[in-house]
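Residue indices begin at 1 and follow the sequence shown. FYI, side chains are in, hydrogens and waters are out, and symmetry mates aren't considered; it's all heavy atoms of this structure. Quick caveat: nothing in here was measured; it's all calculated off a predicted structure.
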Amino acid sequence: MTQVCIFASVHHYNGSNSQDAVEEFGTVNFSCHAWYHFFPHPVHPSKADPAYKVTLVNATQWQYYGTPNVAGRLEFTWNSSLISAEKCLKWDVLEENLPNFLNELIDCPCTLAQARADTGRFHTDYSCDIERGSVCTYHPGCVHCVRAIHASPIHGSGQQCCYDSTGALVLTGDSVGGSTPDRAHDWGSPPYIKPPRVPGYSHWLYDVMSFYYCCLWSPHCHIYLKRRPSSGCQNYRPPRAGVVLGDPHFITFDGLRYTFNGKGEYYLVSSPAKGLSVQARTEQVKLKNGESTFEVNGLCSVFCFIVTFIKLEPFVINSWMNLCFLGVYVFSPSPGKVTVIFSSGVGVEVRLYEGTMAVTVLLPGEFYNHTQGLFGSMNSDPSDDLTTQLGEVISSADATLEEIFTFGASWNISKNSSLFTYDSEHLLDTYNIPPSHDPTFVPAFTLPESLDDPLVADMLTMCYGEGSQFCKYDTLTTRDLTVGNATLKAYQKHQALLHALKPVVSCGWLPTPRNGRKNGTDYLEVSTLSFACNKGYIMYGSAERTCLSDGTWTGDQPFCITVYLTVIFTQYALFVCILLVMHVLSVVCVQYILCNISRSVYGSKKKVSWNAGPV
């Protein structure tokens, strides 16, 4: 006890308030707290195990402790790997008795693009963030990691997925820098009362300290990776995305594009079976362009509801904090962007483009065949996306602009189902008292492109390619090239999102044969892996395997067998063959002998019996 207490005093005298041990490849500066952490039952130095003894480096300062003008950090040399290894092995025993949490984790996205786009279920891991230029210290070889936003339902565990510079998922079966799931989610999980559900603390207790003990402070990282293996992506299904942008233009979950310029409050998405309601409000927005003022229709706010709800009004962001309440997470990763995530995996993104609002809704596969509203029925069939609230289907192939307007107007919300608040005279007079859809507002369905219009030449230069029809419409409506360009940017952003969320096929991880090598770590469709054996070994199985579109690998799993074993197996096989031949020959010989004996015995009996008969 004397050694511990004196050390703590010296450490405090030297002005250090650190509560942690700092490992420097064998040289460690301890606080009293850290010392007790590793040695809960101190003993007298003369009775300590030599492997655990510390050696005082600066003896002079220790001798004259308390003398004025004598200061400095005291350093002790020790064998850190012995203590950490013991801690790692104890953790391994503890893990053996804890429930298996790996089977209930959500699968990782297969590509980096999917991981960054699936914002309804995954969030950037700040310790390995490609956008901030972090070096991914704990995941060497990776450039970006994401974590599952919500904890697993039973054990409150967390998923982590890391990717390399090619965008491929990195697995612990191939690299120590691979993705490692967590027994305790870093953000905790309801009811947040005790481990493993306490935010922060539980994650350090179950996952971080064990990583330090096994991987950083001792050579037993294989133990940690055995308990925290990467999850593959064979069962991952990317979400579907719908968007409303510009003045307002819609792209449904199934890809149908149309324009609806109604004024009022409407359902973007309604899913009574899943308890989801996303409502939007549009109003005439005044935009100034030179000396003229034009009135156009635009999205001004959106309301989301899943068990609880959150309101997103027109916003000006300086520095928002990440918020979590009632299972709803709110993030503002950059100015002009807010993302709301619900426990069901639904994500709602709101972005500002030059003052115009764009809203994207991301839905996981559980909502398939369970949606209706302005974003259509999510069933991979765009032909029924123009289904009114009364169930009438308007053919999208030949629908007129007036019919589309009628469809959109049918999805106005009722006063009883409204999620909006009406806390100002303007809102009361404009939305609460009048009908939810303003029947007196009739937009301009088409606008002529006159070559005499000085705006047209610049507009045609700017608005081209996909999305040009939306860009042209908004430019002519507002008489402002900036608004048209903002609409085009929002459209291109959505197309990039859809491309990132494109489904891919994974055939699953293949192990490296023992005493062999594997060339390649890409397990997606059309990828080919090759295998080779080390010197002195011969391969049995397939030297190459290719991932097929049905999610299976060609060929058979390869194995590497030593030449010596091959000779033994060959000799053994030859010996077995000889035994079999000898056995067959012996059986034949025995049968031949028995047959001759039988003939001689029974043949003589018949002869005697015949001679003894009457003449």
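His370 and Ser271 share no donor-acceptor pair across their side chains, judged by distance under 3.5 Å alone. Under 3.5 Å, the side chains of Tyr523 and Asp174 contain a donor-acceptor pair of N or O atoms.
One distance of note links CG of Leu268 with CG of Leu374; it measures 6.0 Å at 0.5 Å rounding. Between the CG atom in Asp384 and the CG atom in Asp254 there is a gap of 7.0 Å [rounded to 0.5 Å]. Rounding to the nearest 0.5 Å gives a distance of 9.5 Å between CG of Leu498 and CZ of Arg240. Remark: Leu455 CG to Leu476 CG distance equals 6.5 Å, nearest 0.5 Å. Considering CE of Met459 and CG of Asp474, their distance stands at 11.0 Å, rounded to 0.5 Å. Here Arg281 contributes atom CZ and Lys263 contributes atom NZ; the two are 11.5 Å apart, rounded to the nearest 0.5 Å.
For a disulfide, the SG atoms of both cysteines must be under 2.5 angstrom apart; this fails for Cys233 and Cys108. The SG atoms of Cys162 and Cys128 do not lie less than 2.5 Å from each other.
Identified under the side chain to side chain donor-acceptor pair (under 3.5 Å) test for residues 358-369, with sequence neighbours left out: Tyr368-Ser380. Among residue pairs with one or both ends in residues 161-188, those qualifying as ring-ring contact (aromatic ring centres under 6.0 Å, His included) are His123-Trp187, His185-Trp187, Trp187-Tyr329, Trp187-Phe331; sequence neighbours excluded. Screening residues 548-558 for side chain to side chain donor-acceptor pair (under 3.5 Å), with sequence neighbours left out, gives Arg545-Gln557, Asp550-Thr552.
Evaluation of the side chain to side chain donor-acceptor pair (under 3.5 Å) rule for Asn235 yields no partner, not counting sequence neighbours. With sequence neighbours left out, the side-chain contact (heavy atoms from CB on, under 4.5 Å) criterion links Val135 to Thr137. Residues satisfying the disulfide bond (SG atoms under 2.5 Å apart) criterion with Cys142, sequence neighbours excluded, are absent altogether. Residues forming a side-chain contact (heavy atoms from CB on, under 4.5 Å) with Asn100 (at least two apart in sequence, or on another chain): Leu102, Asn103. With sequence neighbours excluded, no residue forms a ring-ring contact (aromatic ring centres under 6.0 Å, His included) with Phe531. With sequence neighbours excluded, the residues that form a side-chain contact (heavy atoms from CB on, under 4.5 Å) with Gln234 are Ser506. Applying the salt bridge (charged side-chain N to carboxylate O under 4.0 Å, His left out) criterion to Lys472, with sequence neighbours excluded, gives no partner residue. In this view, Tyr266 and Phe260, His437 satisfy the ring-ring contact (aromatic ring centres under 6.0 Å, His included) rule, not counting sequence neighbours. Residues meeting the side-chain contact (heavy atoms from CB on, under 4.5 Å) test with Asp125, sequence neighbours left out: Ser127, Cys145, Arg147, Gln160.
No side-chain donor-acceptor contact under 3.5 Å links Asp438 to the backbone of Gly264. Counting only distance, with no hydrogens or angles, the side chain of Gln279 and the backbone of Leu419 share a donor-acceptor pair below 3.5 Å.
With Ile341 as the partner, the side chain to side chain contact (heavy atoms under 4.5 Å, CB included) test is satisfied by one option alone out of Val348, Leu362, Ile149: Ile149.
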Test salt bridge (charged side-chain N to carboxylate O under 4.0 Å, His left out) applied to Arg116 and Glu131, step by step: CA-CA 11 Å; Arg116 299 180 67 185; Glu131 294 182 359; 2.6 Å; yes
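Aromatic rings of Phe407 and Tyr258 (six-membered ring for Trp) have centroids within the 6.0 Å cut-off, being under it.
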